[in-house]
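Computed over heavy atoms, backbone and side chain alike; hydrogens, waters and symmetry mates excluded. Just so we're on the same page: letters track the sequence lines, and every chain starts at 1.
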Amino acid sequence: MTSQILAGLNPPQQAAVQAIDGPVLIFAGAGSGKTRVLTHRIAYMIHKHNILPSSILAVTFTNKAAGELRQRVNNMVGQGVGYVNVGTFHSICSRILRAEASSIGYNQNFTIYDDSDGQRVVKDILNTMQLSTDYYKPAGVFYQIKAAKNKMQTPSEMAELAMSARDEKIAEIYLSYESTLKANNAMDFDDLLSKPLEVFENNPAILRFYQNKFKYILVDEYQDTNLAQFKFVEYLSKESKNICVVGDDDQSIYGWRGADISNIIDFQQIFPTGQVFKLEQNYRSTETIIKAANAVVSKNVYRADKVLWTESGKGAPITVLHGETETGEGQAILHAIHDQRNNGIELSSMAVLYRTNAQSRALEDVMRRNAVPYQIVGGTKFYDRKEIKDILAYFRLILNPADSVALLRIINVPSRKIGKTTVERLVKFALSKDKQLYSILNNIDEIGLNSGVEKRINDFYQFIQKYIDLISELSLYHWAIAIIDELGFIESFRAEDTPDAISRIDNINELLAALDEYEKNNENATLAQYMEEVSLLSDIDQFNDEAHKVTLMTLHAAKGLEFDIVFLAGMEQGLFPLERGDSTEDMEEERRLFYVGLTRAKRVAYLTYAMRRTRFGEFMINTPSIFIGEIPFEYLNFPQKEKVGSNRSEKKMSSTKRHKTKPQVRTFAKKSKSLFGEPEVKPKSGEYEIGQEVMHAFFGKGTIINVSGGGPEARLTVVFTGSTKKLVAKFANLKILD
DNA sequence: CTGCTGCGAATTTTT
DNA sequence: TTCGCAGCAG
């Protein structure tokens, strides 16, 4: 069995699998078989060293990675030997915290606050402190608090380090933020990581228990760990010394979130007895892609010495494409997708990656209008939609009545005629009596509100109480149906009867279906477990690689994935690398991000950019990304021959005769034929006039109320049901209705 | 208390 | 461009 475990691994992989005791660092370059080594290592531990699966703890960053690892381990070691503990940092910490909550003065039903909850808290604090939200912008203040928490800086430490009156105030807000969360029995994402350390520090016996429970620690994506995460695994492995970390400093892309790349680079200083293995053979990509990626990332100064190599063939050159605007760029991608599909590549093996979520809109537009099946990972998350968050706020309040953020969100949703003034009085009263908001709802007569309002508040209180009681009586699914039904959300949306309202109904039904499924998949499923899972969900967890669709997502989301064909879109100075502080660290991180993106490609990579891009309705002129220039010319291919980088040549790109002289140059402005079946609406040539009725692929039927210019460049103002849009005729694909 | 309007700010990446 | 919120009329 053990020889089987080692078979098929290359020598460094074998060595990494066999070094079970003591600290171990495995440098695992992109595509070097990292997950394979991890699974084989676990199998080896269990079968060769008879290590109890339950004494192994493997930690990842995303649920998706955890799920994959868990599944592969189970396939390899077989069921019946017990389970290896696999989970994300956040879920494992959360599990520990639920068990040990009382030791740090929390209740085990604590709520997990996401960033919008946190920002809400900051906003409320600014209000009660009567600080100007112009000078203290909630988003900015919250960001500063988070940065401090990332570094595990306490409010008093922050106050000591403050360089200005403003910083001192922010430290004060931070202090208040912390006490609010505590009072609400809530933790944010940073607390989830740092509170377990508090538990360990205050209770040596508890620490010993977990050290004993998890004798072998494995950490995936170690380059992305922050201080708290480092301390967490350090504490747990202090006695056993068995800590194995796997990562690649070149793929460290979460510095902005507090990830500390020196955790991996300085591993040997931190663990002097540690062994280091390097996996440098890439099994994923062509030589062209590997060489190009190496060339770029080796411009970084702060990195460990290693070189990725491959035995696979040279492969296709990296193709650079551009469009006049972001739509033109999208169309360049569209045509390349079409070509690749004609070469027999599945749509699901292609991905378009971009730096910022905002870029997805234009790309999505092009895909949709040309009937290309696509899926977007991330962006507006399902659980972030208003109607869903409202319903979840009910669930949250029911689980944790101390959660005043949830309470304030829903006390008047749907409308109960409990207005702003009343709410303010409730909050003030609770504050003055030092009581939880929810608890004063029960003795509402003490406040001296008028009886009408009193009655309405009492109804709300009784409503919540009713469903607190009912939760043990009904299945999760039926309970949720009952509460949603009584709230009347669906009815009122149905009455609205707008496309927006209908999609909200769909979303609610989807939520119910998800609950139903959750319950079917998990015996004794509880609402608390479901909410925990939902809170810790990430964008990438929803990614489905089975779908016959092109995938659109951010570069960050793509980490750990691979595709035959990869497009890196928005390759422009200022956008990628994204400009902000412009420090060298930031620049190096952008470069690593490019490295991550490029190495997602197995066979072909495209780099695309737009000459001009709309931002807040304004045009921005861009020059191509410096990263293109950092790739040796021999690996690149420019099919759109005319002088890349010059704005002037672009004008010609949209002229219709281009493709006659140079077949490989496309005219993105013209799209008479659909590449992927029927587009939703066929364009019809002709001049547009004010008053015409037109049909648009997304917006539906509309009326032209203004035309400026003529021909394909004409700008049209069109009133659709519910919105007015300004469109450029040649891109809008409008069908004139008679 | 509700709902409308008009203005200003926002876009990095995410557990 | 879109979103959210402050401010005001009903």
Side-chain angles (χ1 to χ4, degrees), chain A residues 59-66 87-94 112-116 118-120 123 127 133-134 137-140 143 146 149-150 187-194 221 224-226 228-229 252-259 326 353-362 377-381 384 386 412-424 450 452-453 456 532-541 553-559 570 574-581 586 589-590 592-594 596-597 613-620 723-727:
Chain A
V59 201
T60 64
F61 274 84
T62 66
N63 294 299
K64 185 169 184 291
T88 65
F89 272 104
H90 293 267
S91 69
I92 286 162
C93 286
S94 174
I112 298 169
Y113 275 8
D114 65 16
D115 282 359
S116 68
Q119 226 179 98
R120 184 80 250 166
K123 224 172 196 173
N127 269 333
T133 47
D134 281 334
K137 294 208 175 80
Y143 184 82
K146 279 209 321 178
K149 293 191 77 159
N150 265 324
M187 299 205 200
D188 63 21
F189 290 132
D190 296 308
D191 292 334
L192 251 24
L193 301 173
S194 62
E221 307 279 12
D224 288 328
T225 48
N226 68 14
Q229 288 160 330
S252 166
I253 55 174
Y254 285 102
W256 52 274
R257 207 171 80 185
E326 63 268 37
L353 311 181
Y354 37 79
R355 180 65 238 267
T356 66
N357 272 314
Q359 288 165 257
S360 69
R361 184 167 308 198
V377 177
T380 36
K381 281 168 264 177
D384 273 353
K386 268 179 246 105
N412 201 30
V413 177
S415 169
R416 297 186 175 86
K417 302 194 192 310
I418 302 170
K420 217 171 113 186
T421 358
T422 307
V423 171
E424 256 163 37
N450 76 48
V453 179
R456 282 171 265 159
E532 163 120 359
E533 196 170 298
V534 165
S535 306
L536 298 178
L537 221 49
S538 70
D539 286 340
I540 195 61
D541 295 334
M553 64 182 144
T554 63
L555 288 148
H556 283 86
K559 195 180 66 167
L575 184 60
F576 191 27
L578 189 72
E579 62 174 69
R580 23 166 197 185
D586 288 345
E589 184 151 312
E590 294 290 316
R592 291 193 293 268
L593 191 53
F594 179 72
V596 168
R613 190 175 286 280
T614 326
R615 208 183 168 212
F616 305 142
E618 304 272 299
F619 270 128
M620 247 169 57
S723 66
T724 303
K725 305 279 170 192
K726 287 207 169 82
L727 308 162

Under 4.0 Å, counting only non-hydrogen atoms across every strand here, what does A/Lys64 touch: a base, just sugar-phosphate, or nothing? nothing
Result for 5'-nearest mapping on DNA chain B, choosing between A/Ile540 and A/Lys420, is A/Lys420
Between A/Asp115 and A/Lys146 the two heavy atoms that sit nearest each other are OD2-NZ, 3.0 Å
So what does A/Arg361 hit on the nucleic acid, given a heavy-atom distance under 4.0 Å: a base, only sugar-phosphate, or nothing? sugar-phosphate
Donor-acceptor pair, side chain of A/Glu326 and main chain of A/Thr614, under 3.5 angstrom = yes
Heavy-atom nearest pair, A/Arg456 first then A/Lys417, reads NH1-O, 2.6 Å
Rounding to 0.5 Å, atoms OG (A/Ser94) and CD1 (A/Ile112) come to a distance of 4.0 Å
Note: for A/Ser535 and A/Arg416 on DNA chain B, the residue whose nearest nucleotide lies more 5' is A/Arg416
Worksheet item: Which is true for A/Thr422 with a 4.0 Å heavy-atom rule: it touches a base, it touches only sugar-phosphate, or it touches nothing?
Response: sugar-phosphate
Exercise. With a 4.0 Å cut-off on heavy atoms, is A/Asp190 in touch with a base, just the backbone sugar-phosphate, or nothing at all?
Worked result: nothing
| request: Scan A/Asn412 against the nucleic acid and name what it touches under 4.0 Å (heavy atoms): base, sugar-phosphate only, or nothing. | output: sugar-phosphate
By side-chain contact (heavy atoms from CB on, under 4.5 Å), A/Ala558 pairs with (sequence neighbours left out) A/Leu353, A/Met553, A/Arg600
task: Please work out if A/Ser91 contacts a base, only the sugar-phosphate, or nothing of the nucleic acid, heavy-atom cut-off 4.0 Å.
output: nothing
Next on the checklist: So that I can tick it off, tell me whether A/Arg355 and A/Glu590 are bridged by a salt bridge, with the cut-off set at under 4.0 angstrom between side-chain N and carboxylate O.
Outcome noted: yes
Rounded to whole Å, CD of A/Glu326 lies from P of C/dT1 at a distance of 13 Å
Note to self: Over all strands shown, is A/Phe189 touching base, sugar-phosphate only, or nothing at heavy-atom distances under 4.0 angstrom?
What the structure shows: base
Q. Counting any heavy atom closer than 4.0 Å, what does A/Leu193 reach on the DNA or RNA strands: base, sugar-phosphate only, or nothing?
A. nothing
Between CD of A/Gln359 and P of C/dT2 the distance, given in whole Å, is 18 Å
Between A/Trp256 and A/Glu589, the two heavy atoms sitting closest are CD1-OE2, 3.1 Å
Outermost contacting nts on DNA chain B, any atom under 4.0 Å from chain A heavy atoms, listed 5' then 3', are B/dC1 to B/dT15
